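Fair warning: this is a prediction, and the values are worked out from it, not measured in the lab.
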Amino acid sequence: MHNAKIRIGKIHKTDRLLKPCDTFDINGPIQYFYEPIFEDINNNGKKELLLKYNVTVADGYIQVLDIFVPIVKNNYCYLSHKKSYYGRNGFAIFENGKIVVSHQTSKKGESVLGSSLQIEKIYSSNGELINERKKSNFLKSSNITILDPYKKAEETNNIKMYQAVLMVCIKGKDKSKNNCEELADTRGPYKTEDQCKDRILEISEDLPKYKPNFEARGYLCEEQLVKD
């Protein structure tokens with residue numbers, strides 16, 4: 001599609017859209033447009049409108065996640081654009097209360113299309129960066145189900161558990177790649193998110209013993225699928 005025309009309004013029982021109360025365009029070229037999602041990402045009683053789509057570029061695609069907020073509670077005829085997230089040859093998704101963005105990156109000497117890594121960034125629902133790390137490029141494997149927004153953990157024989165990760169930074173320094181590092185717990189994963197948070201607190205309290213010049217700046221209870 002050259003672009004997508006978004007029409008907002010009530011749908012008749014025959015699935016026909018009644019007179020739209022708002023219309024706007026999203027420019028492409030658009031390779032794929034996912035089904036819109038209405039989700040209260042801030043737990044404030046207002047459901048945001050999440051629009052996700054892939055835009056074609058010369059060396060692949062960009063996945064875009066646009067977040068719109070109703071000015072009047074649950075009245076989508078009056079929307080304010082909150083923020084957009086971009087994953088180049090990667091993904092931009094809202095999952096488990098957080099926005100996860102991944103984009104392809106190259107090691108020294110690698111071509112763009114031969115990139116072996118992805119940089120994954122995890123944001124809070126308010127847009128604050130929680131965690132950043134490098135991972136293997138999932139596009140180089142046969143398992144690209146991360147791009148499927150309808151995947152469900154219960155469809156597999158795996159159980160969901162939580163791995164504790166603490167971000168620590170040098171005291172008095174900015175929260176940046178050069179000043180911060182991740183401390184991954186070696187005991188987990190844990191069956192519940194509360195157990196994971198308890199472990200995060202324990203690591204934070206022990207931090208002065210092992211890294212007295214560092215302080216905790218963020219944490220992540222990362223979901224993992226473990227075979228049952």
Side-chain angles (χ1 to χ4, degrees), residues 1-4 6 26-42 47-69 81-107 110-156 158 160-163 165 167 177 182 184 189 193 218-226:
M1 297 179 288
H2 177 67
N3 59 12
I6 308 299
I26 293 178
N27 295 323
I30 296 173
Q31 178 192 45
Y32 187 82
F33 206 104
Y34 294 81
E35 184 173 342
I37 295 174
F38 295 90
E39 184 81 29
D40 182 5
I41 68 174
N42 296 317
K47 287 187 176 181
E48 284 82 2
L49 169 60
L50 280 63
L51 298 180
K52 186 169 70 171
Y53 49 94
N54 294 352
V55 177
T56 302
V57 293
D59 57 356
Y61 69 96
I62 297 174
Q63 186 163 105
V64 184
L65 178 65
D66 287 331
I67 300 178
F68 297 87
V69 181
H81 178 248
K82 181 179 180 180
K83 195 164 185 177
S84 294
Y85 295 88
Y86 305 91
R88 191 179 187 94
N89 290 342
F91 56 83
I93 59 176
F94 176 76
E95 188 173 61
N96 303 315
K98 299 178 179 64
I99 295 103
V100 186
V101 179
S102 182
H103 66 269
Q104 187 173 271
T105 187
S106 306
K107 291 182 180 178
E110 290 181 338
S111 65
V112 174
L113 296 179
S115 301
S116 60
L117 297 173
Q118 292 266 341
I119 294 180
E120 182 182 271
K121 296 182 179 181
I122 299 177
Y123 299 89
S124 69
S125 58
N126 294 320
E128 180 184 356
L129 180 63
I130 299 173
N131 190 42
E132 178 179 340
R133 61 179 178 176
K134 287 185 179 180
K135 301 178 69 175
S136 297
N137 189 354
F138 67 92
L139 292 176
K140 296 297 181 182
S141 71
S142 59
N143 181 19
I144 57 172
T145 55
I146 188 68
L147 295 178
D148 181 3
Y150 309 110
K151 68 181 189 304
K152 296 181 180 179
E154 59 266 28
E155 292 175 352
T156 71
N158 297 330
K160 184 166 65 176
M161 300 188 76
Y162 299 87
Q163 180 66 43
V165 180
M167 176 182 283
K177 182 178 179 181
E182 293 178 6
E193 190 170 6
Y219 75 92
L220 176 66
C221 283
E222 184 179 25
E223 287 191 2
Q224 292 185 347
L225 294 180
V226 180

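A distance of 10.0 Å separates CG of Leu117 from OG of Ser102, quoted to the nearest 0.5 Å. Note that the CG atom of Asn131 and the NZ atom of Lys98 stand 10.5 Å from one another [nearest 0.5 Å]. Between the SG atom of Cys221 and the CD atom of Glu193 there is a distance of 5.5 Å, given to the nearest 0.5 Å. Here the CD atom belonging to Glu39 is positioned 10.5 Å from the OG atom belonging to Ser125, to the nearest 0.5 angstrom. Note: Leu50 CG to Leu65 CG = 5.0 Å, rounded to the nearest 0.5 Å. In this structure, Ile67 CD1 and Ile41 CD1 are separated by 4.0 Å, a value rounded to the nearest 0.5 Å.
The minimum heavy-atom distance linking Pro189 with Met161 is given by the pair O-CE, 3.5 Å. Looking at every heavy atom in both residues, Glu120 comes nearest to Lys135 through OE1-NZ, 3.4 Å. Minimum interatomic distance between Lys52 and Ala92 (heavy atoms only, all atoms of both residues): CD-O, 3.1 Å. Counting all heavy atoms, side chain and backbone alike, Gln104 lies closest to Ser115 at CG-CB, 3.3 Å. Asn3 approaches Ile26 most closely through the heavy-atom pair CB-O, 3.1 Å. Annotation for Met167 and Glu132: closest pair CE-N, 4.2 Å, computed over non-hydrogen atoms.
None of Val55, Thr56, Asn89 except one satisfies the side-chain contact (heavy atoms from CB on, under 4.5 Å) rule with Tyr61; the exception is Asn89.
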Next item on the list: Step by step, work out the side-chain contact (heavy atoms from CB on, under 4.5 Å) result for Leu220 and Ile122.
Entry: CA-CA 9 Å; Leu220 176 66; Ile122 299 177; 3.4 Å; yes
Checklist line | Phe91 and Val101: CA distance, side-chain angles, deciding distance, side-chain contact (heavy atoms from CB on, under 4.5 Å) verdict | finding: CA-CA 6 Å; Phe91 56 83; Val101 179; over 6 Å; no
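For Lys47 and Phe38, the positive end is not near the middle of the six-membered ring at less than 6.0 Å and at most 45° from its axis.
Ring pair Tyr53/Phe33 is parallel by interplanar angle, where below 30° counts as parallel and above 60° as perpendicular.
Using a 4.0 Å cut-off between charged side-chain N and carboxylate O, Arg88 and Asp59 make a salt bridge.
Judged purely by atom type and a 3.5 angstrom limit, Asn126 has no side-chain atom pairing as donor or acceptor with the backbone of Glu128.
Side-chain atoms of Glu48 and Asn42 include a donor-acceptor pair closer than 3.5 Å. Side-chain contact annotation: Tyr34 with Gln63, donor-acceptor N/O pair under 3.5 Å present. Side-chain contact of Ser84 with Asp66: a donor-acceptor pair under 3.5 Å is present, judged by distance alone.
You'll find the side chain of Phe94 stays beyond 4.5 Å of the side chain of Ile37, heavy atoms only.
Ring centroids of Tyr123 and Tyr85 are separated by less than 6.0 Å, placing the two rings close together.
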